[in-house]
2 protein chains.
Amino acid sequence: MTRPKQAKRTTIYDLASLAGTSASAVSAVLNGNWKKRRISSQLAEKITRLAEEQGYATNMQASLLRRDKSHIIGMIVPKYDNRYFGSIVESFEDMARARGLFPIITCTRRDPQLEVEAARTMLSYQVDCLISTGATDPDRITEMCSAAGVRSINLDLPGTLAPSVISDNFEGARELTRKILLNCERQLNEKNPLLFIGGRGSDHNTAERIRGFRQAHSEMGVSVSEENILPCGYAPEKAEKALDELVARGVLPAKGMFVNSTISLEGVMRWLRRAGAIDRQDVVIGCFDWDPFAALLGHHIEMVRQNVPAMLEKMFEMIEAGQTKPVVVQVPPIMPDEEGPLVSREEALKAQTAYRNAG
Amino acid sequence: MTRPKQAKRTTIYDLASLAGTSASAVSAVLNGNWKKRRISSQLAEKITRLAEEQGYATNMQASLLRRDKSHIIGMIVPKYDNRYFGSIVESFEDMARARGLFPIITCTRRDPQLEVEAARTMLSYQVDCLISTGATDPDRITEMCSAAGVRSINLDLPGTLAPSVISDNFEGARELTRKILLNCERQLNEKNPLLFIGGRGSDHNTAERIRGFRQAHSEMGVSVSEENILPCGYAPEKAEKALDELVARGVLPAKGMFVNSTISLEGVMRWLRRAGAIDRQDVVIGCFDWDPFAALLGHHIEMVRQNVPAMLEKMFEMIEAGQTKPVVVQVPPIMPDEEGPLVSREEALKAQTAYRNAG
DNA sequence: AATTGTTGCTTCATCGATTGAGCAAAGAGG
DNA sequence: CCTCTTTGCTCAATCGATGAAGCAACAATT
């Protein structure tokens, strides 16, 4: 390394004295507008080389302090423990960077207090825009943002003060419910109402899904009682407990189940295993959300996968279009068939034959 | 809202003129050392109230520019698509905040180029410390950091230039292999070598796990051929393809499998299903990593869960102790039995009885 | 009355990058 | 040879928060 020992980081002033030039020339070269500022390409090259050698990195704090836009985009997200939020976060980072923005993400554990604190911190870091994903009180966050002159957008759960991008929960749930009911008819030869389990009754998505659930039942001529609807919360333990309580009251859970998230599905599967039903093929399940392993669980589970890339695409479109009105854009989720089979029939047959021959 | 319409954010100067005082008094009050600076409690109260009313948020860019320590701690992480990294990220955020640090995390998709760019960006944001999680070239990042006078720590995969906290992969793999071999004996009545699948042969963890895998075999008097070891990469498709190729060569994969990650397990399960083996109870699997749904898959799968809280605890201890030597701390993973059964036997029996009675 | 101490502030330089304004030197045009 | 333009830079103010140094007003001490 040619770099001298230094406790402090290299600044444009260090580079300037090394290059025998001024800090403003260095600045101009390093942020790319040296042509506009009529710096010779020789000097530009020299400075670039020096910066490289010295391992220079712009002090963003100083840079952002001076500029009007930070190009930082913040996102708050409830949890990292499922594929839905995982892929939201991963795609968000990617798409933000592709647009020259710096993403910062923070997890708020579905805690309203933490959401507010996180939002305040993000504002301190001068975000240009804040995305509230699955926030319990998105309007509160929008208020904080607009007080600071910062845009905000709601994702996954809608708000009333900022634009929102969400899944089409009603249609998705209606279609999923219909599928589960048909599977029940086919597999169990029965046409009974399903059990709805998981989620918070107070949140918009759960309410819409329950509406779709009801609609599908009535369209198929099945009536559902209030007892079949258990929006018991998101944690796996809550679903387990809700099922336990049902049984304790002497009620056998319906054999067809609409599970409101993979997290709740975790609890349902645990409960089923515990109740000795894991191997019985007489439980028919559908889940609003996707997980690769859940998709491979013994019984065929219908899974609706929310269309994360499309949702984020819409979201960035809104940002670029400068949308500030509280519109709600609904993105259709991906239904099981649309996805197509995992492999073609021919491929599967070939693999099976090869496996058997080898054995 | 009493707040006036403003395009700009409120600064300490705005608050100062509103309070009829100076900016430095406002600063002293808002960052809590007003007693040290002998500001009267009346003025302090007045300023605090005004700040509240105006929805003031410190401009971190300005604040950090002035201070010597940023209290920002960065982490780069390969993916968000599994429970291991998900819980690392979630716990890391939590523990960082608990220590008064501001966590920023970025996902680098196992791409060496992206890792370097991400590290450079984090240095730009003046992180005090950078954690490289599962980095392909952690030493490169350590070099960049030390050039900027920033500490760095490796997590999950070790480096040679900075302290590292990793799982005890050798012992974990040895124990897991032993378990799978025993399960094979019990369930299949055979004592054949297992298949090792997934991961990168070049990474330290995979190499250590292969070493443990071999050790366990030799301890149990089973010899493993080179052909049984397939470190084919991490993506599910890679595991699928590796199995396909094995079969294409006329080799039947071993019925006992050591799968190197849940991501690889996804591919293995898909392949087994495709090959028509998903229902056969004659496949015995163990996985180095944990996933709640994988744990519920038909065949009993032994899963080793890496001890994320313990690893992060060690990591923060190192940070606080100012450790800079390239020591490697190994944290024992959680073996299946240590976790205990999901529910007690009594509870399970009670639930089963209730379920049957209700039905 | 003179000195010293304390309280409660204000002033101002500073962190590093940015950018409008300005200026010297070289080249072009007459 | 003189003016005007272009080229290639430098100067200095600025962003908002911070904290050392300083200062006025009053109280306490000799």
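Please read these numbers as outputs of a predicted model, since none were measured by experiment. Note on naming: letters A, B, ... go to the chains in the order of the sequence lines (proteins, then strands), and numbering restarts at 1 for each one.
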Quick check on [N]: is either OP1 or OP2 less than 4.0 Å from any side-chain nitrogen or oxygen of [X]?
X: A/Tyr56; N: C/dG16; value: no
X: B/Thr11; N: D/dG16; value: no
X: A/Ser22; N: D/dT10; value: yes

Which nucleotide in the list D/dT10, D/dC9, D/dG19 gets nearest to the side chain of B/Asn33?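 Of D/dT10, D/dC9, D/dG19, D/dG19 is nearest to the side chain of B/Asn33.
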
Taking atom [atom1] of [X] as the centre, does the number of heavy atoms from other residues, nucleotides or ligands within less than 6.0 Å exceed 12?
X: B/Glu320; atom1: CD; result: yes
X: A/Arg140; atom1: CZ; result: no
X: A/Lys79; atom1: NZ; result: yes

With no angle test and no hydrogens, is the base of D/dT14 tied to the side chain of A/Arg66 by a donor-acceptor pair under 3.5 Å?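 A donor-acceptor contact between them is present.
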
Sequence-aligned protein contact record of nucleotides 24-29 of chain D, with B where the base is within under 4.0 Å of a protein heavy atom and S where only the sugar-phosphate is: ------

Expected string for nucleotides 20-28 of chain C under the B/S/- scheme (protein heavy atoms, under 4.0 Å, primed atoms plus P, OP1, OP2 as sugar-phosphate) is BB-------

Whole-Å gap separating [atom2] ([N]) and [atom1] ([X]):
X: B/Lys36; N: D/dA20; atom1: NZ; atom2: C1'; result: 13 Å
X: A/Leu15; N: C/dT18; atom1: CG; atom2: P; result: 12 Å
X: B/Lys35; N: C/dG8; atom1: NZ; atom2: C1'; result: 16 Å
X: A/Leu64; N: D/dT14; atom1: CG; atom2: C1'; result: 15 Å
X: A/Gln61; N: C/dT18; atom1: CD; atom2: P; result: 13 Å
X: B/Leu30; N: D/dA17; atom1: CG; atom2: C1'; result: 10 Å
X: B/Ile39; N: C/dT6; atom1: CD1; atom2: P; result: 18 Å
X: B/Lys69; N: C/dC15; atom1: NZ; atom2: C1'; result: 17 Å

Select base, sugar-phosphate, or nothing to describe what A/Ser27 touches, counting heavy atoms under 4.0 Å on all strands.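 Result for A/Ser27 = base.
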
For B/Leu43, answer base if it contacts any base atom (sugar-phosphate contacts may also be present), sugar-phosphate if it contacts only those atoms, and nothing otherwise; contact means non-hydrogen atoms under 4.0 Å.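 If one applies the 4.0 Å heavy-atom cut-off, B/Leu43 turns out to touch the sugar-phosphate alone, with no base involved.
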
Do B/Tyr234 and B/Asp203 have side-chain N/O donor and acceptor atoms under 3.5 Å apart?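 Yes - a donor-acceptor pair under 3.5 Å links their side chains.
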
How far apart are the C-alpha atoms of B/Arg9 and B/Asp14, what are their side-chain angles, what is the distance that settles it, and do they pass the salt bridge (Lys or Arg N to Asp or Glu O under 4.0 Å) test? CA-CA 9 Å; B/Arg9 299 147 116 100; B/Asp14 301 330; over 6 Å; no

Quick one: are B/Asn154 and B/Val165 in side-chain contact, heavy atoms under 4.5 Å?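 No. Closest side-chain heavy atoms not under 4.5 Å.
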
Considering all heavy atoms of both residues, which atom of B/Leu312 and which atom of B/Phe92 are nearest to each other, and what is their separation?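 The answer is CD1-N, 3.6 Å.
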
Most 5' of A/Thr21 and B/Asn31 on DNA chain D, judged by nearest nucleotide: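 Nearest-nucleotide comparison on DNA chain D picks A/Thr21.
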
I want to confirm an ordering. Mapping A/Ala44 and A/Tyr13 to their closest nucleotides on DNA chain D, which one lands closer to the 5' end?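 Per heavy-atom nearest nucleotide, the more 5' residue is A/Ala44.
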
One pair to check against salt bridge (Lys or Arg N to Asp or Glu O under 4.0 Å): A/Glu45 and A/Arg49. What are the steps and the verdict? CA-CA 6 Å; A/Glu45 235 166 86; A/Arg49 187 174 43 74; over 6 Å; no

With nearest nucleotide decided by heavy atoms, which residue, B/Arg67 or B/Ser41, maps closer to the 5′ end of DNA chain C?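 The answer here is B/Ser41.
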
Evaluate A/Arg99 against A/Glu313 for salt bridge (Lys or Arg N to Asp or Glu O under 4.0 Å), listing each step before the verdict. CA-CA 12 Å; A/Arg99 285 162 177 78; A/Glu313 205 66 63; 3.2 Å; yes

Among A/Leu130, A/Ile131, A/Ile104, A/Ile105, find the one that has a side chain to side chain contact (heavy atoms under 4.5 Å, CB included) with A/Ile73.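 Answer after filtering A/Leu130, A/Ile131, A/Ile104, A/Ile105: A/Ile131.
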
